[in-house]
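In the text below, chain A, chain B and the rest are named by the order of the sequence lines, each starting its count at 1. Computed over heavy atoms, backbone and side chain alike; hydrogens, waters and symmetry mates excluded.
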2 protein chains.
Amino acid sequence: MEKEKLERLSKAGWKAAGTEEFLGLSSAEAALVELRLRLSDKLKQRRRTMKLSQTAFAKSIRSSQSRVAKMEASDSTVSIDLLIRSLFGSGITLQELSETISDR
Amino acid sequence: MEKEKLERLSKAGWKAAGTEEFLGLSSAEAALVELRLRLSDKLKQRRRTMKLSQTAFAKSIRSSQSRVAKMEASDSTVSIDLLIRSLFGSGITLQELSETISDR
DNA sequence: GAATAATATGTCTAAACTGACATATCATTA
DNA sequence: TAATGATATGTCAGTTTAGACATATTATTC
């Protein structure tokens, strides 16, 4: 995992409980974190494509600006559930979700 | 969405809050539910391939037999987070997760 | 460079989720 | 059909996550 990504993560409140790999992440944990990053990047990308502010986007998915900011930052208080619900709320399809997860 | 699937869902405690489509599911809600079904099916399939009882599998992912049963049943008290964490815990890759979501 | 908009961060209470346990139902087989 | 193992269901107390709000920081525009 790249340095930039790790900085982003520790900034977002991540400090793994696990035992393996870099920064103490087990491979399962690493996969989870990677997944989160991909989902949050996709969300930010979609919001920007829609040309909405976080506030406007939040309203459209019935959330709040602060939560959207945290989602986009992959904050550790944000669940994968919320990320996915938000993506679906923004109109993404299962197919696109699948591609979001595998792409790279 | 097929009848069988709907029965399975209402049995699992689902009764949508939404406004559109069958059983009152909005398309975003429907996508979420469909996602859950695919994840829980995959989980059950993996456990069976590993030839583990729910109890043994639960132990391996640090959960409980009852929760595993609920995961496999797509129970409404089970989060997507837990499903995905369990899949990663069972050794699935991001690629396989992606395929699980799009397949069908 | 002040004003304004956008985004980030910290914190709260309520709601949702979790593992665990008890117990019920169903399946297998002796 | 009794016994044993597997799975399902209900409940609960502890934990995590949610939206909301306040406020800080950063961008944009005048």
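- At least one side-chain heavy atom of A:Ile84 sits less than 4.5 Å from a side-chain heavy atom of B:Ile84.
- Looking at B:Ser98, its side chain does come within 3.5 Å of a backbone N or O of A:Ser98 through a donor-acceptor pair.
- Boundaries of the chain B contact region on DNA chain C are C:dC17 to C:dC21, first to last in 5' to 3' order (nucleotide atom under 4.0 Å from a heavy atom).
- Using a distance-only test at 3.5 Å, with no hydrogens or angles considered, a donor-acceptor pair links the side chain of B:Thr49 to the main chain of B:Gln45.
- Atom CD1 in A:Ile61 sits roughly 11 Å away from atom P in D:dA20 (whole-Å rounding).
- For the contact set between residues 68-89 of chain B and DNA chain D, defined by any heavy atom under 4.0 Å, the members are B:Ala69, B:Lys70.
- Here B:Lys11 lies in heavy-atom contact (under 4.0 Å) with sugar-phosphate atoms only.
- Neither B:Val33 nor B:Leu82 shares a network with the other; the hydrophobic side chains, linked directly or stepwise wherever heavy atoms of I, L, V, M, F, W or Y lie under 4.5 Å apart, form separate groups for each.
- A salt bridge links A:Glu34 with A:Arg38: the distance from a Lys NZ or Arg NE/NH1/NH2 to an Asp or Glu carboxylate oxygen falls below 4.0 Å.
- The interatomic distance linking B:Gln54 (CD) with D:dG5 (P) rounds to 16 Å, in whole Å.
- Atom CZ in A:Arg62 sits about 11 Å away from atom P in D:dA20, given to the nearest Å.
- The side chain to side chain contact (heavy atoms under 4.5 Å, CB included) test applied to A:Ser76 returns A:Trp14, not counting sequence neighbours.
- The side-chain contact (heavy atoms from CB on, under 4.5 Å) test with A:Lys42 singles out one residue from A:Leu83, A:Leu87, A:Leu97, A:Ile101, and that residue is A:Leu87.
- A straight line from CZ of B:Arg67 to C1' of D:dT11 spans 11 Å, rounded to a whole angstrom.
- Of the N and O atoms on the side chains of A:Arg36 and A:Ser74, not one donor lies less than 3.5 Å from an acceptor on the other residue.
- Among the atoms of the strands shown, only primed sugar atoms or phosphate atoms (P, OP1, OP2) are found under 4.0 Å from some heavy atom of A:Ser63.
- Taking both residues in full, the closest heavy atoms of A:Met50 and A:Ser90 are given as CE-O, 3.2 Å, listed atom of the first, atom of the second, then distance.
- One N or O donor and one acceptor, one from the side chain of A:Ser66 and one from the base of D:dC21, sit under 3.5 Å apart.
- Taking a cutoff of 4.0 Å between a charged side-chain nitrogen and a carboxylate oxygen, A:Glu4 and A:Arg8 do not qualify as a salt bridge.
- Over its length, the helix from C:dG1-D:dC30 to C:dA30-D:dT1 turns its helix axis by 50°, as judged from the five terminal pairs at each end, rounded to 10°.
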Heavy-atom contacts, protein to nucleotides 23-30 of chain D, under 4.0 Å, summarised as B (base), S (sugar-phosphate only) or - (none) per nt, yield --------

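- Each of A:Lys44, A:Arg47, A:Glu72 was compared with A:Phe57 under the side-chain contact (heavy atoms from CB on, under 4.5 Å) criterion, and only A:Arg47 meets it.
- A donor-acceptor pair shorter than 3.5 Å can be found between the side chains of A:Thr93 and A:Glu96.
- With sequence neighbours excluded, the residues satisfying side chain to side chain contact (heavy atoms under 4.5 Å, CB included) with A:Ala69 are A:Gln54, A:Gln65.
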